[in-house]
Structure formats: C-alpha cells, structure tokens
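Whatever order the structure lists ligands and atoms in, that order sets their numbers, starting from 1.
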Amino acid sequence: MSEPITLRRFLTRHAEPGGLDPNLIFLIEDIASACRVIGNRLRNAAFEGNHGLAGDTNVQGEDQKKLDVIADEVFARICESSPRLAALVSEEREDAVWLKEPEGGDYLLFYDPLDGSSNIDVNLSVGSIFSICTVGADGDRDVLKAGRAQMCSGYAIYGPTMMLVLTVGSGVYGFSCEYGTGDFRLTHPRMTIPAETSEFAINASRYRLWDAPVRQYVDECLAGATGPRGRDFNMRWTASMVAEVHRILTRGGVFLYPADDGNRTAGGKLRLLYEASPMALLVEQAGGAATDGQTRILDIAPTGHHQRVPVILGSADEVTRLTDYHTTGATPAHS
Ligand code: FDP
C-alpha cells in the first residue's frame, strides 16, 4: 500500500484549480505546525502543570484556562512570521493584531486557539479552529469579512488521533498526524455529509430556554418511530464544537446551538468569525448546510470581531427542516 500523501504535497500538487498561492501554502503549513505544538502541549499538560484556570478572563468575560492562553501564544508566535500575513484575530484577544501595513492580497487569520476548552481537564476531545481571508486593497484594515469570502478554513482535533481537516474552497480533506514523524498525511479524502441523518446534537439542559421551532424539532426527534418523523433518532453532545463537527463530517448529523432566552441578548453562543463561519464553509464544502435559523451563516455580514450568532449545521435535509420551522413556523408533514 502506498503511503498517504503529506499535507505539503497535497497543497502543492493536489489543490485545484490552478494551484494555490505559495504564501497561502506557507501560512497553512504554519497553522499545521502551531496545531502540532498545541497537541503536544495538551498531551504533556499534566506534567507541565498546565491544567486549570489561568486566573484571568478573556474579552468576552469567560474564564481563561492556562491552555487557552498557551494555545493562543503558540498560534501567534508560529504564524506571525508568515510572509504575507497582515493580521490576526483571536478569540483570546480584544482587537485585531496588525503585523504589517496591509497590502491587497495579504492574508488575515482568524482563530479560536482552543475550542471546547471546558473539556480539557476531563481529557475529552478539543480542537483549534481557523479561517483565512484576504485583504481587499492596500491599506484596507477591515477584518469584518462575511464567511463566503474565506479562502480556506479548517480545524485541528486533538482526539485519540490528532487530525487536521481543511478546505481550500473545493472539497474537505482530513489529514492524520503520524505518530513519530509528526507529518500530517491525507487519510480522509473528500469528506462528505449525507443529506439524511437520524442523529442530532444539542445541549438539552437548555430546553426551557428554547424557541418554539427548536422545541418542536427536538420533540419530534425524541418521539421516535411512533412520532411524526416515523423513525428513531440518536442524540450526542460532547460540548466541543470541533468534536461535534468532526463527527458530522464523518457520519452525518445535525448540530444546534440556537438562539434562546439565555443567550439572545449576546446574539447567540458561538462566535461568527472564528467558530461559525469556518465550520459553515467546511460543512457546505462537504455537501451539508449551515444557518442561524433564517440566514445562511456564510452570508451574515459581521458587525464585530467577537460577534456571536445562533448556529444550526450539518446534514442538509435536517437543516432545511429546521430553517422551515424557523421561517414559516409551520407544522410539517410526516417524513
Ligand atoms: P467552550 O466554551 O468550552 O470553548 O466555543 C464554545 C463551546 O465550547 C463549543 O465548543 C461547544 O460546542 C459549546 O461551547 C459548549 O457549550 P455548553 O457549555 O452549553 O455545553
């Protein structure tokens, strides 16, 4: 059996159409290096005394874990020397960090250095999410880009196998980190999400806070084979968006973090620029769909670096059904 190709070989020879800008390849390779280092720091966290809280809060008022801070520093340190990277926007930093005077075609990197970090201390899968857009014109310091402007998005998942999953705008590809060499090799070509699924993911403890369309959808799933959906559904919740999206890219499903009475004033739970948008691009590129309930996530015009939005993503049929419930409020026919 021939060896799976490396990330570099994929990016230089297999990306289409017409090949990728070498500076984009350098940046993606820097991101892969940062994720490799973060994976190692996670693995050694107990020995290095890096579990637990950092003792500070981030810009959104959330308690930072020591590893949130470490992962953010690793991302910035490794990526900031990338030749045409103009700015970084991180979950852990209030403002964009400008690295050079922006020129048209330079890159902007958005990242959540450690997503699902409440799972670190219980040793469950966490991840890093990233998104890359370009600077419009010389001197343009606008980083509020709609998701459809992304050139590339992806995540690293630190699970039983460390993986990097990405799209450069045509299909979704998964690379597993080879133990020993540390190489990311293509093990999951053309990841696709089936349109149909019988698995959903939502934090059900928020049931009392949900709007009617979400309650209706979940009630119908829970009713199983004798309910209006006519079949049984399974439920999963890992409380780590990267792990949920990875499961959906692997075997289908639908993930919801909707607007509810507890998060509506904040706009939702998940952040648009470095959580919802990059995941929405991956999900669409894999044949799925992503919405805030009314609007395609990739069409939302951002209004702030840390803006939050409701998120519903995954298998297209279920996302369409949920969108119908939100937009028409109609009680659907059996299916
Ligand atoms: P976390 O706060 O631990 O970083 O990004 C937010 C996020 O995790 C998602 O990864 C995850 O899906 C969600 O929050 C978990 O929310 P709950 O605490 O409501 O379960």
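- Side chain of Asn203 to backbone of Ser205: a donor-acceptor contact under 3.5 angstrom is found.
- Remark: Ile70 CD1 to Arg77 CZ distance equals 11.0 Å, nearest 0.5 Å.
- Shown here are the salt bridge (charged side-chain N to carboxylate O under 4.0 Å, His left out) partners of Arg84, two or more places apart in sequence or in another chain: Asp106.
- Here Leu281 is tied into one hydrophobic group with Leu298, each link being a pair of ILVMFWY side chains closer than 4.5 Å.
- Of the possible donor and acceptor atoms, one in the side chain of Gln307 sits under 3.5 Å from a partner among the backbone N and O of Thr303.
- Listed by chain and residue number, the protein contacts of ligand 1 are Asp115, Gly116, Ser117, Ser118, Asn203, Trp237, Ala239, Ser240, Met241, Tyr257, Lys269, Leu270, Arg271, Glu275 (heavy atom within 4.0 angstrom).
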Report, one line per pair, each donor and acceptor closer than 3.5 Å where one atom sits in a side chain of residues 41-51; sequence neighbours left out.
unit_1, atom_1, unit_2, atom_2, d
Arg41, NE, Glu48, OE1, 3.1
Arg43, NH1, Asn40, OD1, 2.8

